[in-house]
Amino acid sequence: MEDRIKVELLTPLTGTFLPNEMEQEWEGEEYHELEEEQVLFDGADLIPYVSEIREKIAEYSRVGHEDDKTDNLMDYFDGSTAIKEKVVSAVPSVKESDGVLYGCTTLELKAYLEAEELSELCEYLTGQYSDGWGEGFEQQGIPVEGGELCVHFWRPMDFEFQQAKPEVPK
């Protein structure tokens with residue numbers, strides 16, 4: 001097997017916590033949960049739930065696959081041929097860095113991407129996180145102590161990819 005390059009792209013991660021004891025309001029023939037009861041979390045708030053989030057990502061990424069294969073976002077990429085030739089896989093996960101939990105897209109590359117290629121790939125991944133894989137994942141409630149957590153890999157403002165700092169061996 002040829003040498004592969006591993007690159008981790010980090011993105012802001014947020015969450016919505018829905019407490020079990022949400023106040024409900026009677027409206028017509030249905031109860032409606034009041035949105036004021038939701039608690040918004042940022043990446044630092046999500047750290048205590050990292051194991052539950054990773055478990056849900058693993059479960060969600062296996063849906064529709066045989067033999068424990070997981071989602072590879074490159075399976076759906078229809079952009080530049082040069083990118084398809086260089087990028088073997090783009091796998092969503094989460095990563096903790098400096099006390100904050102980030103969305104992490106792990107790229108496995110045959111060769112480094114040019115700046116324009118990386119820009120095109122990030123544009124594609126943004127679409128996956130806003131309207132594709134990420135939109136489906138955020139609808140997967142994650143049971144946690146005291147309620148349910150919905151994790152968002154995309155947000156409309158301040159969304160950008162950053163390359164993770166290489167890990168220094170200890």
Side-chain angles (χ1 to χ4, degrees), residues 1-16 40-47 49-142 149-170:
M1 185 171 124
E2 59 192 271
D3 286 339
R4 299 283 169 91
I5 303 160
K6 178 181 160 189
V7 174
E8 294 178 324
L9 299 176
L10 303 182
T11 52
L13 201 63
T14 59
T16 306
L40 301 178
F41 284 175
D42 65 13
D45 299 324
L46 293 170
I47 288 288
Y49 306 103
V50 67
S51 61
E52 292 93 334
I53 295 168
R54 282 187 176 137
E55 191 175 301
K56 182 56 88 173
I57 290 170
E59 175 188 311
Y60 180 69
S61 291
R62 285 192 304 270
V63 171
H65 295 289
E66 298 175 13
D67 303 327
D68 270 349
K69 184 181 176 210
T70 61
D71 284 335
N72 173 3
L73 299 181
M74 290 308 292
D75 290 344
Y76 313 104
F77 181 77
D78 64 354
S80 141
T81 302
I83 294 172
K84 289 180 190 179
E85 290 173 356
K86 292 179 181 180
V87 182
V88 176
S89 64
V91 178
S93 62
V94 291
K95 181 177 178 116
E96 188 266 330
S97 179
D98 298 324
V100 177
L101 194 63
Y102 291 93
C104 179
T105 307
T106 302
L107 303 177
E108 186 180 340
L109 309 172
K110 293 180 185 177
Y112 284 105
L113 298 169
E114 300 294 328
E116 311 81 49
E117 294 169 337
L118 181 59
S119 178
E120 180 184 340
L121 181 62
C122 287
E123 187 176 320
Y124 162 72
L125 292 170
T126 298
Q128 276 291 335
Y129 288 146
S130 65
D131 297 324
W133 186 93
E135 182 179 25
F137 182 74
E138 72 182 10
Q139 296 173 24
Q140 308 299 308
I142 303 169
L149 186 61
C150 296
V151 176
H152 314 290
F153 272 73
W154 179 82
R155 62 185 188 195
M157 295 175 16
D158 302 324
F159 183 85
E160 66 180 359
F161 288 88
Q162 298 177 335
Q163 190 166 333
K165 298 172 194 156
E167 293 181 15
V168 179
K170 294 180 183 180

Minimum heavy-atom distance E114-E117, with the two atoms named
N-OE1, 2.8 Å
Between P12 and F159, the two heavy atoms sitting closest are CD-CD1, 4.2 Å
Taking everything shown except K84 itself, do over 12 heavy atoms lie less than 6.0 Å from its NZ?
yes
Report the C-alpha separation of L125 and L73 in whole Å, then their side-chain angles, then the decisive distance to 0.1 Å, and conclude whether the side-chain contact (heavy atoms from CB on, under 4.5 Å) test is met.
CA-CA 8 Å; L125 292 170; L73 299 181; 3.9 Å; yes
I142 and K56: which non-hydrogen atoms are nearest, and at how many Å?
CG1-CG, 3.6 Å
Any chance you could lay out the side-chain contact (heavy atoms from CB on, under 4.5 Å) test for M74 and V88, step after step, and finish with the verdict?
CA-CA 7 Å; M74 290 308 292; V88 176; over 6 Å; no
Please check if atom CD in E96 has more than 12 non-hydrogen atoms from other residues, nucleotides or ligands closer than 6.0 Å.
yes
To the nearest 0.5 Å, tell me how far L13 CG sits from F41 CZ.
12.0 Å
How long is the span from the CG atom in L113 to the CG atom in L121, to the nearest 0.5 Å?
6.0 Å
Does Y124 form a side-chain hydrogen bond (donor to acceptor under 3.5 Å, both in side chains) with Q128? I'd like the steps, not just the answer.
CA-CA 6 Å; Y124 162 72; Q128 276 291 335; 3.3 Å; yes
Where do K86 and Y112 come nearest, in terms of heavy atoms and distance?
NZ-O, 3.3 Å
Point-to-point distance, once rounded to the nearest 0.5 Å, from CG of L46 to OG1 of T14
7.5 Å
Quick one, K6 and E108 - any side-chain contact, counting heavy atoms below 4.5 Å?
no
C104 and side-chain contact (heavy atoms from CB on, under 4.5 Å): which single residue from S93, P92, S97 fits?
S93
Run the side-chain contact (heavy atoms from CB on, under 4.5 Å) test on L9 and L107 for me, step by step, so that the C-alpha distance in whole Å, both residues' side-chain angles and the decisive distance to 0.1 Å come before the verdict.
CA-CA 8 Å; L9 299 176; L107 303 177; 3.7 Å; yes
Starting at OG1 of T11, measure out to CZ of F153 and round the result to the nearest 0.5 Å.
6.5 Å
Do D71 and F137 come close enough that some side-chain heavy atom pair is under 4.5 Å?
no
Tell me, please, which residues at least two apart from T16 pass side chain to side chain donor-acceptor pair (under 3.5 Å).
H152
Separation of E8 CD from Q163 CD (nearest 0.5 Å):
9.0 Å
Nearest heavy-atom pair of G141 and C150: which atoms, and what distance?
CA-SG, 4.3 Å
Side chain S119, main chain A115, donor-acceptor under 3.5 Å:
no
side-chain contact (heavy atoms from CB on, under 4.5 Å) between T105 and F161, worked out
CA-CA 9 Å; T105 307; F161 288 88; 4.2 Å; yes
On a heavy-atom basis, the closest approach of A44 and V100 is N-CG1, 4.0 Å
Determine whether the aromatic ring centres of residues Y76 and W133 are separated by less than 6.0 angstrom.
no
For the backbone of A90 and the side chain of N72, can you confirm whether one donor and one acceptor N or O come within less than 3.5 Å of each other?
yes
